[in-house]
Amino acid sequence: MYADPTPETGQERTGRERTDHESAGSAEGAAPDGSARRALRLGLRPEPWKRGPVLAASALLLGLLMLLHGSVPNRIGHLGSLLETFLPWLGVFVPVLLAGALLRRSASAVVTLLLPVMVWLNLFGGLLGDRSRSGGDLTLVSHNVGADNPDPAGTARDLVAADADVLALEEITPEAGGVYERELARTYPFHTLLGTVGLWSRLPLSDTRAVDIEMDYGPLAATKPVDPAATRALRTTVATRQGPLAVYVAHLASVRVTPRDGFGTAQRDRGVRAIGTAVAGERNRRVVLLGDLNGTVDDRAFAGLTARMRSAQDVAGDGFGFTWPAGFPVARIDQILVGGVTADSSWVLPATGSDHLPVAARISW
């Protein structure tokens, strides 16, 4: 006696197993296509496009605000200048809105966010990389040393370590002026100090004079005696191996945000125009402007000046180069602007006892 192998049953089992394996293989192969189809079906459903209308509208408004910032009027509280001063920071709203769009699963908000992303990259994408190059004939440093600086001698020593050829200082108090002159004398044999601004140089200076930035104005301004201690801008000539270089140093009026006046820039804007007029009338075609201008070059108030001169940081810096406040810089209001010369590199120096960070640039002919 022996057991029947029942080949038919075995064949049937084998067939079933083969069919199961083939089905599994087919399912695995179809999984990606199925997932793509499901994603497409989900994207075509109206629900994700209807979700988050407020987020989508906010993304659209953000993009238009950056794109049309020049159309924001200045007549009421100088809102246009205020917006342009902090314009790069509008980009921080993009990840915030993106997080909200993903949480709400809003396809419309995600797509609309492409507008502010593209506008921001068009405006500031070029500032994200390092634009500097080697070389240069002259190193410039500018620093608002701060009227409340508790250690002017230490600040002077820090600036000497920067190894500049030309050093401009702003907001020098009468009490600190002698300290800077004493501490910088060994490194810089040539210097001029007019009011609250000064220039120290390794190279000879000539034709130095004060520049009126119209801090005092009105119908009686012309009849008032000039107060040398109140001088906040100067012009001088630095004798370089490549020829004379006209150097302007300026500390323009501060700006304030108040409920009554909004972004109060009127006095600063007069100073911008005055410096712009002086630069426009400069006979030397090689000109640099160093100082605390209390404004960014994105501010429309500086358009007349930046039409003639370029920001060394924009041309040859690394990143935005924010300088104020020193503890957490949010704006670059300390500038090195150049005309008729080339900016090869630009950088921000470490903090001193001031509430501003020093700025440096290397230029060539």
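Salt bridge D344/R133: present, at least one basic N to carboxylate O contact under 4.0 Å. We find that R235 and E282 are joined by a salt bridge, their nearest charged nitrogen and carboxylate oxygen being less than 4.0 Å apart.
Between G291 and S142, the closest heavy-atom pair is N-OG, 3.3 Å. The minimum heavy-atom distance between H356 and H143, with the atom names listed, is O-CE1, 3.1 Å. Taking all atoms of both residues into account, the shortest heavy-atom contact from D212 to A274 is O-CB, 3.4 Å.
In this structure, L68 places its CG atom where more than 12 heavy-atom neighbours from other residues, nucleotides or ligands lie under 6.0 Å away. The number of heavy atoms from other shown groups lying within 6.0 Å of CZ (R310) does not exceed 12. Atom CG of D207 is surrounded by more than 12 heavy atoms from other residues, nucleotides or ligands within 6.0 Å.
Taking the centre and axis of the six-membered ring of F190, the NZ or CZ atom of R202 falls outside the cone set by 45° and 6.0 Å.
From L199, atom CG reaches atom NE2 of H191 across 10.0 Å, with rounding to the nearest 0.5 Å. Between D314 atom CG and T306 atom OG1 the span is 9.5 Å, to the nearest 0.5 Å. Rounding to the nearest 0.5 Å places CG of N74 at 4.0 Å from OG of S81.
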Using side chain to side chain contact (heavy atoms under 4.5 Å, CB included), reason through L90 and L83 one step at a time and then give a plain yes or no.
CA-CA 9 Å; L90 291 184; L83 171 65; 3.8 Å; yes
When you look at E171 and T196, which way does the side chain to side chain donor-acceptor pair (under 3.5 Å) test go after all the steps?
CA-CA 5 Å; E171 206 169 289; T196 64; over 6 Å; no
Would T352 and D158 count as a side chain to side chain donor-acceptor pair (under 3.5 Å) here? Give the steps.
CA-CA 7 Å; T352 68; D158 290 340; 5.7 Å; no
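Using cut-offs of 30° and 60° for the angle between ring planes, the F124 and W120 rings count as tilted. Ring geometry for W89 versus F328: interplanar angle of 30 to 60°, hence tilted.
You'll find the side chain of L349 reaches within 4.5 Å of the side chain of V141, heavy atoms only. Between W324 and R332 the shortest side-chain heavy-atom distance does not fall below 4.5 Å.
Using modelled atom types, one finds a donor on one side chain and an acceptor on the other under 3.5 Å when comparing T155 with N149.
Hydrophobic clustering of Ile, Leu, Val, Met, Phe, Trp and Tyr side chains at less than 4.5 Å, counting indirect connections, keeps V315 apart from L128.
A donor-acceptor pair under 3.5 Å is absent between the side-chain atoms of E84 and the main chain of D299, judged by distance alone.
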